Amino acid sequence: MLQEFTLKRGRAIINFTSKYCDNRRKILTSYAYGKVVESFILRLKIDNPIVYDAFIQHFETDDELTRSLMEAIRLLSVCELEELVAVNNKYAPLFYDKDLFIELIELLYEYWRKLERVAIVQNNRVGEGVQNVRFIQAYQLFNELILSIYRRTKSVVNGYQSNVYLQTTAGANAGLILNNIHWDCPPEYRGLLSIPFISTIVINPPYVSYTKKNTRDGIFAEHKSNPLAHMILLEDDWFLYPAKVGNLLAFVYFHKDFMCHGLGLANLFELAKTEEYTDKKPDLIYVFGYDDGHSEKRTFYHKDTKNDILIGYANYNDEIDYFGYMKKMLLTLHNIKQMERGNLPLHGAMVNIALKNGREANIVIMGDSGAGKSESLEAFRTLNERYIRHMRIIFDDMGYLSFDEDGRIKAYGTEIGAFVRTDDLDPTYAFAQLNRGIYTNPDKVNARVTIPVSTYEVISKGYNIDYFLYANNYEEVEQKIQLFASQEEAIEIFEAGARRAKGTTTETGLVTSYFANPFGPVQERKLAEGLVRKYFAGLFAEGVKVGQMHTALAIEGMAKEGPRAAAEELFSMINE
């Protein structure tokens, strides 16, 4: 990232390496300050024409109003209002109505704070830790300086100091430290080498972003030609997040205009340590947001068999401006790679529950988007005081089964976090996540929050399974938990993958998806079918209770009560 400052699509990137402003004067004479005020005036003209008209009548053009406002704020940082007007009367029109000027300052401050603001530092070599400390200090000082400019401007114009101070995040609300690291790069991907790795992330939650889309559409198909072969990414425009997706290493390249989706990865996939990718070749590579000249959305994967790397690709398009396209492509790549290794990917949730009576159970709930996986976990959580002594989430959306050295089936997770609908969370729990959540379109339908729910050590440990249940969200029945008597009966239901769509994608009505998993098994169905039969034979041989859990999530009025009733019946079954 070579540019000092960029502002686009409501996202500001501040490069502390190119220029760091350590006092108010430097901030108020910076290129970034000019770009923000200029952009604000253009937005004011559209969103608040009454305030805009009150000021523009005294200035010939938007540029003149912008320059005068910038200069006035700069001078107010070192002198009093009377001195400012006495020195140059051209600023006087700004203060004909002091209350209106204060409103203008409040609107400018609000405009800045509503931007997604990311500070970055790029190192040429990996440090010994002191760079992280210095970056945090610089990050905090920048916040204090922005606050002081805002407060100083208001107090000088008002003529008095405020007695109430809100310690808001006024500088950046996220920060990145970037390092240039050598990795085992095949010749076909030399054009990716200039992009530094993200080694440290700082986030000031709640981090709120607004995206062009709020649902995901379709599945990712295989593409026969390699979209990354001889592609060249420019350092000014791209970032690289090295992610641990399950036990796989993924290099995720994302365009700066989709920064919020790159930051969202921090709450979902473990950030790999430097030694885990230095001189290493990744299992997966995903390029998210490449401008290939096509106006339509292009999202697909490619199998680079020569280098044994699975490739994911999404072109620059407003249609991909939703975190689901970031998350689900990575899980598709993960699942295909796991199937190639003889493991069975699961679209579902897993939880380890210790009840107050001393009994314990590992429960897998499988189902496609909106079937009730996360909602069932939420129901478990709300029943915590009544039934549960301890609850540990192993995975919230995707995991996989593998045979251990003794031939027993173990379950593993892929993610350390969850990307969940805020409407489906208990309000008390939802508010409790404010101090660590990354929120997307919080005031819209299908509002989402990405929150950490586990640790990498937990999801990668490997667990036996006691209950393996299919989440049925479309049937309301009296008996919420129904166990299958045979492997064949179970496979029929699980492979059908039926659910009633609930608004998480563009689908409507009762829909089906092979093995409830459009992220790998659908694309590689022949391979998946053999694995399903192999693993279900193993589940029944080990005495795992396999059945359906009727969440009734898609039935009118049952969004909360359905999963809760099913959870209570499951707890009763465990107690027997």
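Model, not experiment: these values are computed from the prediction. FYI, side chains are in, hydrogens and waters are out, and symmetry mates aren't considered; it's all heavy atoms of this structure.
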Listed partners of Asn307 passing side-chain contact (heavy atoms from CB on, under 4.5 Å), at least two apart: Pro186, Glu188, Tyr189, Asp304, Ile309
Side chain Asn267, main chain Gly417, donor-acceptor under 3.5 Å: no
Lys NZ or Arg CZ of Lys244 over Tyr456 ring: under 6.0 Å, within 45°: yes
Got a list of side-chain donor-acceptor pairs under 3.5 Å for residues 151-160, not counting sequence neighbours?
{"from": "Arg151", "atom 1": "NH1", "to": "Gln167", "atom 2": "OE1", "distance (Å)": "3.2"}
{"from": "Arg151", "atom 1": "NH2", "to": "Leu166", "atom 2": "O", "distance (Å)": "3.0"}
{"from": "Arg151", "atom 1": "NH2", "to": "Gln167", "atom 2": "OE1", "distance (Å)": "2.8"}
{"from": "Arg152", "atom 1": "NE", "to": "Leu76", "atom 2": "O", "distance (Å)": "2.8"}
{"from": "Arg152", "atom 1": "NH2", "to": "Leu76", "atom 2": "O", "distance (Å)": "3.3"}
{"from": "Arg152", "atom 1": "NH2", "to": "Cys79", "atom 2": "O", "distance (Å)": "3.3"}
{"from": "Thr153", "atom 1": "OG1", "to": "Ile149", "atom 2": "O", "distance (Å)": "2.8"}
{"from": "Lys154", "atom 1": "NZ", "to": "Glu106", "atom 2": "OE2", "distance (Å)": "2.7"}
{"from": "Ser155", "atom 1": "OG", "to": "Arg151", "atom 2": "O", "distance (Å)": "3.2"}
{"from": "Ser155", "atom 1": "OG", "to": "Arg152", "atom 2": "O", "distance (Å)": "3.0"}
{"from": "Asn158", "atom 1": "ND2", "to": "Lys154", "atom 2": "O", "distance (Å)": "3.2"}

Test item: Asn315 side-chain N/O and Glu296 main-chain N/O as donor-acceptor pair under 3.5 Å: yes
Centroid-centroid under 6.0 Å between Phe197 and Phe251 rings: yes
In residues 93-101, what donor-acceptor pairs under 3.5 Å come from side-chain atoms, sequence neighbours left out?
{"from": "Asp97", "atom 1": "OD1", "to": "Asp99", "atom 2": "N", "distance (Å)": "3.1"}
{"from": "Asp97", "atom 1": "OD1", "to": "Leu100", "atom 2": "N", "distance (Å)": "3.1"}

Phe300-Tyr313 aromatic ring centre distance below 6.0 Å: yes
Asp257 and Tyr316: CA distance, side-chain angles, deciding distance, side-chain hydrogen bond (donor to acceptor under 3.5 Å, both in side chains) verdict: CA-CA 9 Å; Asp257 290 348; Tyr316 191 108; 2.5 Å; yes
Nearest non-hydrogen partners of Phe239 and Lys256, listed with the distance: CE1-CB, 3.7 Å
Check against side-chain contact (heavy atoms from CB on, under 4.5 Å), Glu71 and Lys90: CA-CA 11 Å; Glu71 291 167 3; Lys90 76 172 185 176; 3.1 Å; yes
Face-on cation placement of Arg448 at Phe419 ring, 6.0 Å and 45° thresholds: yes
Member of Asn247, Asp308, Asp283, Thr332 meeting the side-chain hydrogen bond (donor to acceptor under 3.5 Å, both in side chains) criterion with Lys337: Asp308
Ser30 versus Cys21, closest heavy-atom pair with distance: CB-SG, 4.2 Å
